[in-house]
Q: 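One structure follows; several queries about it will come next.
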Amino acid sequence: MNARSAHDPSEAGPSRSGSALSARLDRAPQRLDLAEVPTPVERAPWLDTPKAKVWIKRDDLSSPIYGGGKVRKLEWILANPPFDTDLPVLSVGGIGSHHLLALVLFLRTQGRTLHGLTFTQALTPHVRKNMAVMLSCGARFWNVPSRAELPRAWLAYHLWRRPDVKGTPMAAGASTPLGCFGFVDAAFELAEQVEAGLLPKPDVLYVTAGSAGTSAGLALGFALAGMPIHMHLVSSVEPWAFNPVMMQLKMRGALSALRSAGLDAPGGARALLRDAGVTYEIDFDEVGAGYGEPTDQGRAAVELAREHQISLEPTYTAKCIAALRRAEAHDRGRPHNVLFWHTHAANDLTPLIEPGWEARSPVPLDGSV
Ligand SMILES: Cc1ncc(COP(=O)(O)O)c(C=O)c1O
């Protein structure tokens, strides 16, 4: 097994000419061309209110393998040390985590696999399907019943007697500083679309947050692109897991990595955002009973979106649309433009599910919700 640089980034195709971020970096890290960007922006009149005109950034269409936001992070992370090898990747998440699913699907294209330290979450049909795909594609799990018990999964993994195939650890949600680069680039992409007249400059952006790489990357990107905007961050997790301190830390880490890569931007993240007119708030009102627990407002959002050929899932994007509908219904301000950043993949993964996957399920399958 080759542990170093098994994947020449040039093999993934020519470097994307449209990466505005790479062009700004003297020492740009490598990047695999995994995402199909720019993703479209389109009007969503079905979400309009008397004061708000709503657009959608269709990142659900960002890849024929697995769209959504994760591919934007992985194309940077998987191209660079310590992940540019033949080894498995070790990462953490719920048993139906989209981050783990994205990793499984992109590692598979490189002949690699995922080792997941996972916790049991509400077994919605969506979670069950994600788990079925991951198991069918060869992922291995060390599962525990709750998030609090994850250290036990970590211990079990380290006691596992296969040092030759131990995975390289990756932070939850791929929200590493390099992972954030993907969303800095995504903000530049949106700024270019605004400039090209494809949509008016959004006054408010709704995007959902978990491990915060998406939010931190976008906030820095908007600031660097000089695009003032208010970010309504809809948390899918409880305040102990995502909060303003976490957001600052993520931005600080990403900014420092950007500087190491040659970005010329003075000051800290806070000053950068302030000077550019980029603001954010964190909305916990849709978390409901907790991470991964569906809510009635989320279910209503899924139904409404389905009528308009938009596929949401209950953990993140449904709660984000629920927040948008709630907050915009009460907004009595001036007419404004709103953007919903769609971060969930639209791909139908059913053909990947192998019969008999249930036998390898690390959780009992009788408790579906
Ligand atoms: C569909 C979806 N949207 C949004 C997010 C949140 O992204 P981040 O973890 O970067 O905050 C996730 C994270 O797993 C996700 O799966």
Q: Could you check, using the six-membered ring where one of them is a Trp, whether Y157 and W160 have ring centers closer than 6.0 angstrom?
A: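 Yes.
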
Q: When clusters are formed from ILVMFWY side-chain contacts under 4.5 Å, directly or step by step, what else is grouped with L159?
A: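 L155, all in the cluster of L159.
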
Q: Give a yes-or-no answer on whether the side chains of D59 and W341 include a donor-acceptor pair shorter than 3.5 Å.
A: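 Yes, a side-chain donor-acceptor pair sits under 3.5 Å.
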
Q: Tell me whether R252 at atom CZ has more than 12 heavy atoms from other residues, nucleotides or ligands lying less than 6.0 Å away.
A: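 12 or below, so no.
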
Q: Among R24, E189, R31, which one satisfies side chain to side chain contact (heavy atoms under 4.5 Å, CB included) with S19?
A: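 Result: among R24, E189, R31, R31 is the only option passing the side chain to side chain contact (heavy atoms under 4.5 Å, CB included) with S19.
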
Q: Taking the side chain as every heavy atom from C-beta outward, state whether R58 and I310 have any pair of such atoms under 4.5 Å apart.
A: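 Touching, per the 4.5 Å side-chain cut-off.
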
Q: Where the side chain of R259 meets the backbone of D264, is there a donor-acceptor pair that is under 3.5 Å apart?
A: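 No; judged by distance alone, with no hydrogens or angles, the pair does not exist.
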
Q: Within the 4.5 Å heavy-atom criterion, are L273 and M251 side-chain neighbours or not?
A: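 A side-chain contact exists here, since the closest heavy-atom pair is under 4.5 Å.
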
Q: Given a cutoff of under 4.5 Å between side-chain heavy atoms of I, L, V, M, F, W and Y, with clusters grown through shared members, what are the other residues clustered with V245?
A: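 Under the 4.5 Å side-chain rule, V245 groups with L249.
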
Q: Would you mind checking if R147 and E238 are paired as a salt bridge, meaning a charged N to carboxylate O distance below 4.0 Å?
A: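 Yes.
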
Q: Assess whether a salt bridge exists between K201 and E195, defined as any Lys/Arg side-chain N lying under 4.0 Å from an Asp/Glu carboxylate O.
A: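 Not counted as a salt bridge, because no side-chain N and carboxylate O are separated by less than 4.0 Å.
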
Q: Just checking, any donor-acceptor pair under 3.5 angstrom between side chains of H336 and E328?
A: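 On atom types as modelled, these side chains qualify, holding a pair under 3.5 Å.
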
Q: The criterion is ring-ring contact (aromatic ring centres under 6.0 Å, His included); which residues satisfy it with H230, sequence neighbours excluded?
A: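 So H230 forms no ring-ring contact (aromatic ring centres under 6.0 Å, His included) with any residue.
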
